[in-house]
Amino acid sequence: MKISIKMKKTIAKEIIYFFSVISLLLIIWAGIEIRNTYLSSKMNNYTKEISDIKIQIDSIEKNYPKKAKTYNELFGEKPLGVFEPPSDGIEIVPANGNDLKGTVSWYELLTTTEQIFNYLARNKFDFNIFKFEEDEYGIPVKKPITEAWLYKYGYDHFDKSIKTEYNLEKQPNIEMIYNFIKSKNKKFNCNITNFVFWLKGLPPLPSLEILDKLDALKKSKQENIQIQKETENKILGSNETKSTIVWYSTFLFGLLYPCRFVFFLLKWAFKTVKQRE
């Protein structure tokens, strides 16, 4: 059976259409792979950048003080001798109960606020603490405290007063203590912010320049992590790639055959209806 030229042309067109769709699907697949490769390369760059920033952050933070300065470091000199108990014989014993006679200063072993309390008492600091005693009529009267009372009860009042100011915007008692120490000790080389940290038993803050640099690095690191996650979400996995190719194949072959043939059939039907007998 001899195939007509018209039939040959029709078959040739179908072959061209078929392989055009195949070629288009291959181009789509290649585009997905190229895009994935590009995004993966960007992810690797962000990973390297994040790693470099982390190294910079670690190098800054490793130079941070890990603990509060000691009494001697903060005051620039070692206290001399043993601090004597009050004259009325009230004995002050450290928490560990050791007998600390000799040249070792016992208050070096106590907590930060106890250290500062005893330093201030030794230097005749005005604690502005009063006690109330009842007079002969049973009415409470404010009376100045004695040295013995100060060492027996004063620390609790002092400790409570200081700790209530730690997180307040204004810290009059702490500022007064700070100014008093500066006036008494020329080797006292601590700013008031780090002095508050020392009272809390915390290490001093780094300089503002270092903190600003560290904040900028951490912000940059967080931004890179965010962009890296967004980039990772854009990469199509093997299953997603397969689904995309299947969707495009269904769409293109649907247009090429079923939809196209339905169009031709409807066209032929309308043309036939319009023909005269």
Side-chain angles (χ1 to χ4, degrees), residues 64-135 139-206:
Y64 278 11
K66 298 298 185 295
K67 59 181 180 179
K69 288 184 177 181
T70 64
Y71 182 94
N72 295 340
E73 288 171 335
L74 189 67
F75 285 72
E77 61 183 12
K78 186 170 183 177
L80 301 174
V82 176
F83 188 68
E84 296 296 331
S87 55
D88 64 358
I90 294 176
E91 185 179 1
I92 305 173
V93 181
N96 58 15
N98 291 338
D99 181 12
L100 297 172
K101 294 179 181 179
T103 57
V104 179
S105 176
W106 64 264
Y107 53 81
E108 287 183 89
L109 301 181
L110 303 181
T111 64
T112 301
T113 46
E114 284 175 312
Q115 287 177 330
I116 198 70
F117 172 79
N118 284 285
Y119 176 89
L120 294 172
R122 183 171 179 246
N123 285 278
K124 307 301 180 184
F125 174 76
D126 181 10
F127 286 92
N128 195 25
I129 299 175
F130 296 87
K131 64 177 179 175
F132 289 88
E133 291 182 356
E134 293 183 355
D135 62 11
I139 299 173
V141 178
K142 184 169 71 173
K143 293 186 177 182
I145 60 172
T146 62
E147 187 181 46
W149 190 94
L150 175 68
Y151 281 97
K152 191 170 184 181
Y153 305 107
Y155 169 69
D156 290 335
H157 292 261
F158 172 78
D159 187 53
K160 184 177 180 180
S161 172
I162 294 302
K163 288 180 178 177
T164 56
E165 291 190 6
Y166 280 157
N167 300 314
L168 299 180
E169 185 177 351
K170 292 183 179 180
Q171 301 169 311
N173 287 327
I174 293 176
E175 189 173 354
M176 184 169 59
I177 291 166
Y178 176 79
N179 291 329
F180 177 83
I181 294 171
K182 285 197 76 172
S183 69
K184 292 289 183 180
N185 192 331
K186 293 181 179 180
K187 293 183 179 181
F188 182 68
N189 57 353
C190 179
N191 62 43
I192 191 165
T193 301
N194 283 334
F195 179 67
V196 174
F197 272 64
W198 179 74
L199 285 172
K200 291 182 179 182
L202 300 173
L205 284 171

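The figures here come from the full heavy-atom set of this structure, side chains too, leaving out hydrogens, waters and symmetry mates. Keep in mind it's a predicted model, so treat the numbers as computed, not measured.
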Colleague: Is any side-chain heavy atom of Tyr119 closer than 4.5 Å to a side-chain heavy atom of Lys184?
Modeller: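 A side-chain contact under 4.5 Å exists here.
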Colleague: Which pair of non-hydrogen atoms, one from Pro206 and one from Tyr64, has the smallest distance, and what is that distance?
Modeller: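 Heavy atoms of Pro206 and Tyr64 come nearest at CG-CE1, 3.2 Å.
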Colleague: Measure the spacing between CZ of Phe180 and CG of Leu120 and express it to the nearest 0.5 Å.
Modeller: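 If we round to the nearest 0.5 Å, Phe180:CZ and Leu120:CG are 6.5 Å apart.
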Colleague: Taking atom CD of Gln171 and atom OG1 of Thr164, what is their separation to the nearest 0.5 Å?
Modeller: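 These two atoms lie 9.5 Å from each other.
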Colleague: What I'd like to find out is whether the side chain of Asn194 reaches to under 4.5 Å of the side chain of Leu202, using heavy atoms alone.
Modeller: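 Of all side-chain heavy-atom pairs linking Leu202 with Asn194, none is under 4.5 Å.
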Colleague: Report the distance from atom CZ of Phe195 to atom OH of Tyr178, rounding to the nearest 0.5 Å.
Modeller: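 Output value for this atom pair is 8.5 Å.
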Colleague: Parallel, tilted or perpendicular: which fits the ring planes of Phe117 and Phe158, with parallel below 30° and perpendicular above 60°?
Modeller: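 Tilted, since the angle between the ring planes falls between 30° and 60°.
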Colleague: Return yes if some donor-acceptor pair links the side-chain N/O of Trp198 with the main-chain N/O of Lys69 below 3.5 Å, else return no.
Modeller: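 Yes, Trp198 side chain to Lys69 backbone: donor-acceptor pair under 3.5 Å.
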Colleague: Any chance you could measure Asn189, atom CG, to Lys182, atom NZ, to the nearest 0.5 Å?
Modeller: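 If we round to the nearest 0.5 Å, Asn189:CG and Lys182:NZ are 9.5 Å apart.
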Colleague: About how many Å separate CE of Met176 and CD1 of Ile181, when rounded to the nearest 0.5 Å?
Modeller: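 Spacing of CD1 (Ile181) from CE (Met176) equals 11.0 Å.
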Colleague: Are the side chains of Ile177 and Glu165 in touch, meaning some heavy atoms are under 4.5 Å apart?
Modeller: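 No, their side chains stay 4.5 Å or more apart.
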Colleague: Out of curiosity, Ile116 CD1 to Leu74 CG, how far, rounded to the nearest 0.5 Å?
Modeller: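 With rounding to 0.5 Å, CD1 (Ile116) is 7.5 Å from CG (Leu74).
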